[in-house]
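Only one structure is covered here, and it is reproduced in the block below.
Heavy-atom basis, side chains included; hydrogens, waters and symmetry copies ignored. Chain identifiers are assigned alphabetically (A, B, ...) following the order of the sequence lines, protein sequences preceding nucleic acid strands; residue numbering begins at 1 within each chain.
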Number of protein chains: 2
Amino acid sequence: MRRPTIADIARRAGVSQAAVSFALNGRPGVSAATRDRILAAADALGWQPNTAARSLSAAAAGAVGLAVARPARTLGVEPFFMQLISGIQAELSERGYALLLDLVEDVHAEASVHRRWWAERRVDGVLLVDLRTGDPRPEVLREIGMPAVLAGGPDPTGAVPGVWVDDARAMTAVVEHLHGLGHERLAHVSGPPVMEHSAHRAEAFGAAAGPEAARAATDFSDAEGAVATRGLLRRRPRPTAIVYDNDVMAVAGLSAARQAGLSVPGDLSVVAWEDSALCRLTHPTLTALTRDAFRFGAAAAARLLDLVRHGPGGGAVGDTEFELPELVVRESTAPPRPNGG
Amino acid sequence: MRRPTIADIARRAGVSQAAVSFALNGRPGVSAATRDRILAAADALGWQPNTAARSLSAAAAGAVGLAVARPARTLGVEPFFMQLISGIQAELSERGYALLLDLVEDVHAEASVHRRWWAERRVDGVLLVDLRTGDPRPEVLREIGMPAVLAGGPDPTGAVPGVWVDDARAMTAVVEHLHGLGHERLAHVSGPPVMEHSAHRAEAFGAAAGPEAARAATDFSDAEGAVATRGLLRRRPRPTAIVYDNDVMAVAGLSAARQAGLSVPGDLSVVAWEDSALCRLTHPTLTALTRDAFRFGAAAAARLLDLVRHGPGGGAVGDTEFELPELVVRESTAPPRPNGG
DNA sequence: ACGGGTTTATGAACCGGTTCAGCGACTTCC
DNA sequence: GGAAGTCGCTGAACCGGTTCATAAACCCGT
């Protein structure tokens, strides 16, 4: 059976199509009585707006996009993303927007997806994650003029407003926790320095733990996390605590330490940057920095919709700070052994 | 600057809009020379079709939907989903389709998302995962007539074609592996019996391992996986091998066994149904049943696009079987100790 | 009773593509 | 040489909404 259109509603309610449109969109121009009659007719017919038609005249897609440039392998293991997407989703569907998802190879592919989406009018804006140094995306977005919000900003070029977390302050809190336990030789296993947020954390770690503190950079994978851990544990004097930039590497580091004959937290304390079920599955359970990825996603989505609906002028301007992550202390952090090196 | 439309191309090439449309879509009705001229003009202007306009006249959205009814918590930890989505994506974007994602509470919410998407003409079809017993979705889809494919079928009601994996045969292979090692007392920790695929596996386990083999049902979470493990290990005689329905529970079971003073694989062999980085992060590494979730997703997407483009009549009919999962033997399975009674 | 303002409703244009009937011009065939 | 068919292209309708100029109906005060 053919899907009902506003013409069907108009016929049924005995009014013009224009009146139906006004009534359905809550605009002035129809009396209360007529409005009710129209709404009743629409309801009786089970009418739903045709997105294509609406998009065509409104010049708005009613959807936002998220293109992610990370290997699916990594994405899958980190619960963070799904939580983030879930939060984005919640905010969008509440306001009647849909989410377009694309998983691509790299940021250049992501930029061309953005271009295509915008040219095809598939989306009204996009969310960005994982800003890199020299990232082509902000420039492309400014060039084509598409609304965008960076989840995990701020964007140093200032082209894209961000919803961001103060990683530096969080890192300071982590280091203070370890200092408070009596640790003096800390180490940091970071992600790729090309990732802005990873670089920020590494920098903050250096500032808080001292320039002599050991660091190692990885690609966020469990494999490189293990390699980095083995490297750090060979140092003399040996670090007594390691901070990992994600949960996957922390778990891998745990295994590496055990294989090196070290006990956690007896010989080595471990902190994971992102919390997840993973951190509670291990033995010992991992002390972790937890943030509400769901609400983070929701906040970023809300900011984007603001931008989409009110333009760069209206609503909030510039970057929005999100609440500080909280350190959940579990079994993997303890005071260092007195004889510990 | 205004985005170019076919009218702009027509003007530039000195032809009618209709000719432009024919040329751009590779239809007959224009000479080769004219076609070239039009394509050159389109290229020069950087034209891209407006999705809304195209959808409106073609009565097709150029997108497919995936609504997932699982708590985000669970979703995040299982790499399977991201791999699946990634595979779906790859297939779709190759054919110019977009993916709409929605994360919802339960299958009823999912069914209403399907209704809305279809009514709004947002998608041309949907993919289904996690079929439940008495699932409302196939019936709703048949009612509204929307193309759909079940990833993980087959659908027992026959309303929705499926791309499926022969879980029963895979389970038999797992049991044979354990029997081959000398295990005689096997146990199975399954997901919720209300999940069709989980029920199938449990059934196949019973058939292969014998009716006296121990089973426990869970909600797929690490918590219930640990509880089920403790319960099974209290039995006398104790099982010497446990098969877990996902990787998360297998890891949790590993911890539970260790806490109960048992060594793996010395006292207990462990097999995980789904493979992931998780299985390689633990100590010992986990023997796991691995399937190519990426290609599985791609296969399901391809099947759906077939349905969308050629209708239920054309192309493949009914269910499509996907290749059998492969058992990757790692450290967690070994012959039982002779005294292990 | 009448001018001016407001409320309510309509017809028609418009968004950007697709599609189809129709019309010259050109080829083919007898 | 003329009928029939094919090719290349155009004009206009159409998809299903939104929007705006305009008009009819109504209200008010004088």
Side-chain angles (χ1 to χ4, degrees), chain A residues 1-39 41-42 45-63 96 116-122 124 309, chain B residues 1-39 41-42 45-63 96 116-122 124 309:
Chain A
M1 196 193 66
R2 221 184 81 270
R3 220 146 268 293
T5 71
I6 56 166
D8 299 319
I9 301 177
R11 211 171 305 121
R12 191 177 228 264
V15 295
S16 70
Q17 291 198 21
V20 174
S21 180
F22 291 144
L24 292 171
N25 292 296
R27 282 178 201 290
V30 282
S31 67
T34 308
R35 184 181 304 272
D36 288 348
R37 197 150 40 87
I38 292 172
L39 292 181
L45 293 170
W47 178 86
Q48 295 279 114
N50 176 318
T51 320
R54 185 166 272 182
S55 298
L56 187 55
S57 45
R116 186 164 44 76
W117 275 348
W118 186 241
E120 295 179 349
R121 286 271 184 270
R122 271 213 199 257
D124 297 322
R309 290 144 75 113
Chain B
M1 196 194 66
R2 221 184 81 270
R3 220 146 268 295
T5 71
I6 54 166
D8 298 320
I9 301 177
R11 210 170 305 122
R12 192 176 225 264
V15 294
S16 69
Q17 290 198 20
V20 174
S21 180
F22 291 145
L24 292 171
N25 292 295
R27 282 178 201 290
V30 282
S31 66
T34 309
R35 184 182 304 272
D36 288 348
R37 198 151 38 87
I38 292 172
L39 292 180
L45 293 170
W47 178 86
Q48 294 279 114
N50 176 316
T51 319
R54 185 165 273 182
S55 298
L56 186 55
S57 43
R116 186 162 46 75
W117 275 348
W118 187 240
E120 295 178 349
R121 286 273 184 267
R122 271 215 198 255
D124 297 322
R309 289 143 77 114

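Side-chain proximity of A:Ala53 to D:dG17, C:dA9, C:dG16: nearest is D:dG17. In the set C:dG11, C:dT19, C:dG16, C:dG11 carries the atom at the smallest distance from any side-chain atom of A:Ala18. When distances run from any side-chain atom of B:Asn50 to the nucleotides C:dT10, D:dT10, C:dG17, the shortest one goes to C:dG17.
Distances shorter than 4.0 Å separate some side-chain N or O of A:Thr34 from OP1 or OP2 on C:dA9. Checking the phosphate oxygens (OP1, OP2) of D:dG16, no side-chain nitrogen or oxygen of A:Arg54 falls inside 4.0 Å. At C:dT18, one or more side-chain N or O atoms of B:Ser21 fall inside 4.0 Å of OP1 or OP2 (strictly under the cut-off). Taking 4.0 angstrom as the limit, A:Thr5 places none of its side-chain polar atoms (N or O) nearer than this to OP1 or OP2 of D:dG16. When the side-chain nitrogen and oxygen atoms of B:Ser31 are compared with OP1 and OP2 of D:dC9, one or more of them lie within a distance under 4.0 Å.
When heavy atoms are screened at a 4.0 angstrom cut-off, B:Val20 is found touching no nucleic acid atom at all.
Atom CZ of A:Arg11 is separated from atom P of D:dG17 by 12 Å (rounded to the nearest Å). For the pair A:Leu56 CG and C:dG17 P, the computed distance is 9 Å after rounding to whole Å.
For B:Leu39, the side chain to side chain contact (heavy atoms under 4.5 Å, CB included) partners are B:Leu24, B:Arg35, not counting sequence neighbours.
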When the side chains of residues 51-58 of chain B are checked against the rest of the protein, which donor-acceptor pairs come out under 3.5 Å, sequence neighbours left out?
unit_1: B:Thr51; atom_1: OG1; unit_2: A:Glu120; atom_2: O; d: 2.5
unit_1: B:Ser55; atom_1: OG; unit_2: B:Thr51; atom_2: O; d: 2.7
unit_1: B:Ser55; atom_1: OG; unit_2: B:Ala60; atom_2: O; d: 3.0
unit_1: B:Ser57; atom_1: OG; unit_2: B:Ala53; atom_2: O; d: 3.3

